[in-house]
Protein chains: 2
Amino acid sequence: MKNQALILLDTVERLGNLLRVGLRQSGIAQGLQPIHLQALLYLSEANRYSNTPQALAEYLGLTKGTVSQSLLLLARRRLIARHADEKDGRVVRLTLTDKGKEVLKELGLTNAWRDALQAASPARLSSATKVLKEALATLQARNGHRSFGVCLTCRHNLHIGPRSYVCGLTKEKLSSREVGKICREHSPVEENAV
Amino acid sequence: MKNQALILLDTVERLGNLLRVGLRQSGIAQGLQPIHLQALLYLSEANRYSNTPQALAEYLGLTKGTVSQSLLLLARRRLIARHADEKDGRVVRLTLTDKGKEVLKELGLTNAWRDALQAASPARLSSATKVLKEALATLQARNGHRSFGVCLTCRHNLHIGPRSYVCGLTKEKLSSREVGKICREHSPVEENAV
DNA sequence: CTCGAAACGTATCGAGTCGAAACCTTAAAG
DNA sequence: CTTTAAGGTTTCGACTCGATACGTTTCGAG
């Protein structure tokens, strides 16, 4: 009999594969590969500290050279824009163009998933999410990967008042919209209690 | 605030991506791509109805032409063997060579996952698995994909005695070892009751 | 029995991914 | 001011991947 953890692994691998195939299928109309859609999705969620080629490479687990190639294509298609950073001449800031946002919206990548889970109760979804997040955090830590969570779950984030936040790392104020975005410097809060 | 289902989707996508990156990392020493390891893993689990290029293509969600290329490489490296089917001259049977089995064993692909989940209780793992399997089945059905489950969970499988099984589709006897393998013709049993 | 359609597999082509390595520019450190 | 490091780009070769065309074998209809 197979270990319970391995059955879950099989299921997650299968789902991951299916999602990737779905991504490929979705991108065909636009002539985009899965990695391109993943990059667009990331940039639509990345905060101002994390919208760079290097951060994207870390997020995707690829080398910077590889990512540079894919970004070249996205820029050629006018789906993203590149701007030099004002303070640091080495870094490039990546933003979605209106066309890029439009493409993401039209694809509606989450519809099928939402439908597939509409029968499940929120409590069970929440429980499953918790298990997987633990596994994810452990695997990321073990392999030296960053967690790329949102500021709201980051221990650097300081909630100094109603709708008023400050990042303890950069000492900068963050809007209530921005604390829901993904950050490269994210470090999860310790959760010793269950 | 984000939908609970979407948070789970994010987590699964992230995990799927991480597993893929891990697969890539694992294969580097052997000069193998993720898809090669996936093919080897599939063949190590496929039953006698499912060890063909066509079945593998359906399992991976790729075209047969693409899979044919990857199989060429695996055969060149002597990780798989191809044999013509005795009854049907069109089909090719794929089997892992001893070297292929050895490579899989040495990689130990499941160790990290097992460690990451050792703290979780079997009950919670089981609950999470159930949610994800429902989502997987729904997505597969919706996209016209096969489920590729094991005979033990297939409605064609007949348990006619202690350690004695027959596939209702092919009318052939199956060993108790074989009913734990993956089948292309798998069709899940109906589960109306929870 | 023969002809045609369907199924399984292979070969070829072009666009793109991907890591490795070399390289450039800017920033930081001494 | 020199060295070192960091962010990005470029180039190279092996490989993926879909599309398409092709060859073989099987099966069914007349």
Side-chain angles (χ1 to χ4, degrees), chain A residues 17 20-40 46 49-77 79-94 146 184-185, chain B residues 17 20-40 49-77 79-94 184-185:
Chain A
N17 209 55
R20 187 182 173 80
V21 168
L23 224 48
R24 181 176 299 282
Q25 194 60 35
S26 300
I28 284 184
Q30 305 278 344
L32 296 175
Q33 307 264 336
I35 199 70
H36 299 142
L37 297 182
Q38 288 183 296
L40 294 180
Y49 307 130
S50 314
N51 57 351
T52 69
Q54 181 65 43
L56 177 58
E58 290 169 2
Y59 180 82
L60 296 172
L62 304 175
T63 64
K64 55 183 181 172
T66 295
V67 169
S68 187
Q69 287 306 305
S70 300
L71 290 175
L72 212 59
L73 181 147
L74 290 175
R76 222 160 42 213
R77 303 269 173 91
L79 299 174
I80 63 170
R82 312 157 97 128
H83 299 289
D85 186 274
E86 297 177 354
K87 296 175 186 166
D88 189 332
R90 293 172 301 180
V91 329
V92 171
R93 297 290 165 189
L94 304 168
R146 297 175 189 268
R184 181 187 180 188
E185 306 294 345
Chain B
N17 208 57
R20 186 181 173 81
V21 168
L23 224 48
R24 181 177 298 281
Q25 194 60 36
S26 300
I28 283 184
Q30 305 279 345
L32 296 175
Q33 306 267 333
I35 198 71
H36 299 142
L37 297 182
Q38 287 184 296
L40 294 180
Y49 307 132
S50 314
N51 57 351
T52 69
Q54 181 65 43
L56 178 58
E58 291 169 1
Y59 179 82
L60 296 173
L62 304 174
T63 64
K64 54 182 180 172
T66 294
V67 169
S68 187
Q69 287 307 303
S70 300
L71 290 175
L72 213 58
L73 181 146
L74 290 175
R76 221 160 43 213
R77 305 267 174 90
L79 299 175
I80 64 170
R82 311 157 99 130
H83 299 288
D85 186 272
E86 296 178 354
K87 296 175 184 167
D88 189 333
R90 294 171 300 181
V91 330
V92 170
R93 297 289 165 189
L94 305 168
R184 181 187 180 190
E185 305 294 346

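In what follows, chains carry the letters A, B, and so on, assigned in the order in which the sequence lines appear, proteins first and then strands, with residues in each chain numbered from 1.
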So, does [X] get its side chain near the phosphate of [N], meaning an N or O under 4.0 Å from OP1 or OP2?
X: Thr66(A); N: dT17(C); result: no
X: Arg82(B); N: dT10(C); result: yes
X: Arg20(B); N: dT17(C); result: no
X: Thr63(B); N: dG18(D); result: yes

With heavy atoms under 4.0 Å as the rule, sort [X] into base, sugar-phosphate or nothing.
X: Gln69(A); value: base
X: Arg93(A); value: nothing
X: Gly65(A); value: base

Write down the distance between [atom1] ([X]) and [atom2] ([N]), rounded to a whole number of angstrom.
X: Lys64(A); N: dT25(C); atom1: NZ; atom2: C1'; answer: 12 Å
X: Leu74(A); N: dG8(D); atom1: CG; atom2: C1'; answer: 16 Å
X: Leu94(A); N: dG8(D); atom1: CG; atom2: C1'; answer: 11 Å

Flag side-chain contact, heavy atom, 4.5 Å: Leu73(B) against Leu32(B):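 Counting from C-beta outward, Leu73(B) and Leu32(B) do come under 4.5 Å.
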Min side-chain heavy-atom separation Gln33(A)-Arg24(A) under 4.5 Å: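 SC-SC contact between Gln33(A) and Arg24(A) confirmed.
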Toward the 5' end of DNA chain D, by each residue's nearest nucleotide, Arg24(A) or Val91(A):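 The residue closer to the strand's 5' end, by nearest nucleotide, is Val91(A).
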Pairwise 5' ranking along DNA chain C for Ala55(B) and Lys87(A), keeping only the more 5' one: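 Result of the comparison: Ala55(B).
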Side-chain donor/acceptor contact of Ser68(B) with base of dG9(C) under 3.5 Å: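 No pair found.
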Under 3.5 Å donor-acceptor, Arg184(B) side chain and Thr52(B) backbone: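 Such a contact is absent between Arg184(B) side chain and Thr52(B) backbone.
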Salt bridge present between Lys64(B) and Glu58(B) (N-O < 4.0 angstrom):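 Salt bridge flag = no for Glu58(B) with Lys64(B).
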